[in-house]
There are 2 protein chains.
Amino acid sequence: MQDILFDFISKYISLTEDEKNAILSLDLFRSVKKGVTLLKEGQKSQDCYFVLKGCIRKYYIIDGEEKTTAFYTEMEALTPHCVINKAPSEYFISCVEDSILAVSNSDMEVEINSKFPKFEIMCRILSEELLAKQQINFDEFKTSSPEQRYQNLLENRPDLIQRVPQQQIASYLGIKPQSLSRLRARILEKKS
Amino acid sequence: MQDILFDFISKYISLTEDEKNAILSLDLFRSVKKGVTLLKEGQKSQDCYFVLKGCIRKYYIIDGEEKTTAFYTEMEALTPHCVINKAPSEYFISCVEDSILAVSNSDMEVEINSKFPKFEIMCRILSEELLAKQQINFDEFKTSSPEQRYQNLLENRPDLIQRVPQQQIASYLGIKPQSLSRLRARILEKKS
DNA sequence: CGTATTTCTTAACTTAAGTGAACGAGTTAA
DNA sequence: TTAACTCGTTCACTTAAGTTAAGAAATACG
């Protein structure tokens with residue numbers, strides 16, 4: 001399981017055995033059951049998440065309704081906004097499947113960063129990379145219809161549609177579950 | 001005009017007179033007329049833009065239709081995706097108003113970064129900050145209707161609605177110009 | 001194993017956005 | 001000054017998503 005984390009890190013920087021051991025000694029790994037809420041609206045938290053196995057999601061509750069805006073699966077990292085701006089969180093984070101996560105908090109990161117300056121370089125590259133990805137994603141979302149978004153999802157993250165309940169997929173696409181059902185039926189009809 | 005740039009930078013790092021002069025000697029400032037296209041789909045470019053005065057926009061052409069996905073106004077910076085991944089651009093960038101921009105290319109940045117390591121720190125903070133903003137923006141877009149998006153825009157960037165043609169605003173909100181007209185009429189009716 | 005509960009689908013109806021066309025106001029150019 | 005063009009609005013019509021409700025399918029749990 002640790003290998004997944006080190007594989008990920010090695011895409012950005014190379015680690016010595018000493019450095020690997022220092023990371024392992026932080027005891028980052030957490031096993032989390034499906035349905036568990038990791039962060040609630042209004043909470044202040046310092047925890048960042050890296051998904052080793054499973055899936056977590058970010059959602060808002062607006063007028064009593066859950067609005068899912070992101071899923072994070074294997075090899076994806078989530079730094080909640082409340083960690084950055086030190087304000088109460090505007091959203092929830094919860095576990096879609098039984099998952100294994102690497103959970104780090106600010107203190108640990110300060111410690112690691114001061115011991116291994118390499119780490120800061122990785123963070124910079126990572127956040128630049130994420131920013132670029134995020135922008136393309138946003139543009140794609142803006143320039144397409146719900147139906148196109150669903151087709152895109154089918155192409156780019158087909159696993160999600162299997163792993164995640166439809167209602168969460170629907171809200172991720174910006175529509176209601178009933179509309180997703182209908183839209184799926186429409187697509188099937190077109191194919192035949 | 002330089003003051004705007006230095007004001008911006010001073011939010012992140014402090015510069016000595018020498019450093020300021022080094023930046024000025026790069027001769028970054030460009031005056032660009034309304035309507036000029038700075039980047040075209042398919043082009044490879046190394047140029048990044050910082051708006052000192054005016055407004056530029058990013059848009060795609062999809063099925064012959066312009067789809068505007070972002071506006072950049074005073075004190076906002078745009079690093080095109082093609083600069084990061086060194087691939088041809090998927091979108092256009094053009095000038096909405098007569099504008100004054102600071103235009104930097106990769107070579108200059110390498111030069112500045114090597115002379116003043118401070119600069120790299122600024123870039124890291126900036127991209128982290130942008131990433132956070134971008135995520136909140138994306139979430140807001142996803143969780144709201146065209147009408148709510150328009151109301152949001154009225155609150156958060158009222159100037160844009162004055163400065164930018166309706167059709168570009170409409171496409172930025174993810175709808176057609178006719179729908180924006182209708183939506184505006186609907187809102188006026190509600191108020192009365 | 002069967003019951004309860006949640007999740008997904010279907011349907012009928014409402015509302016809002018897309019489409020195509022026409023119109024008037026404002027701008028540009030001959 | 002007039003003709004051509006652009007831009008925003010309006011209208012009638014179509015299409016897709018929201019809403020409410022009911023029923024089927026899948027899942028969880030005692």
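To find a chain, count down the sequence lines: A is the first, B the second, and so on, and within it residues start at 1.
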Inset, instruction - Give me the residues of residues 59-73 of chain A where at least one heavy atom lies under 4.0 Å from an atom of DNA chain C, by number, or none. - result: none

Inset, instruction - Would you kindly give the CD-to-P distance between B/Gln167 and C/dG26, to the nearest whole Å? - result: 18 Å

Inset, instruction - Check whether the ring centres of A/Tyr72 and A/Tyr49 lie less than 6.0 Å apart, and answer yes or no. - result: no

Legend entry - Spacing of B/Gln168 atom CD relative to D/dT6 atom C1', expressed in whole Å: 13 Å

Inset, instruction - Cation-pi check, B/Lys58 to B/Tyr91: give yes when NZ or CZ is under 6.0 Å from the six-membered ring centre and within 45° of the ring axis, no otherwise. - result: yes

Inset, instruction - For this output row, return yes or no: ring centroids of B/Phe71 and B/Tyr172 closer than 6.0 angstrom. - result: yes

Inset, instruction - Specify the separation, in whole Å, of atom CZ of B/Arg186 and atom C1' of C/dA16. - result: 6 Å

Inset, instruction - Answer with yes or no whether B/Arg182 presents, from its side chain, a donor or acceptor under 3.5 Å of a partner atom in the base of C/dG18. - result: yes

Legend entry - Sole residue of A/Glu97, A/Glu66, A/Glu76 in salt bridge (Lys or Arg N to Asp or Glu O under 4.0 Å) with A/Arg57: A/Glu66

Legend entry - Atom-pair distance (NZ on A/Lys176; C1' on C/dA11), nearest Å: 18 Å

Legend entry - Near-ring test A/Phe141/B/Phe138, centroid separation under 6.0 angstrom: yes

Legend entry - Between C/dA21 (C1') and B/Gln178 (CD): distance, integer Å: 10 Å

Inset, instruction - Could you tell me whether the side chain of B/His81 reaches within less than 4.5 Å of the side chain of A/Ile136, counting heavy atoms only? - result: yes

Legend entry - Candidates D/dG18, D/dA28, C/dT9 - which lies nearest the side chain of A/Gln166: C/dT9

Inset, instruction - Name the closest nucleotide to the A/Ile175 side chain, picking from C/dC8, C/dT10, D/dA17. - result: D/dA17

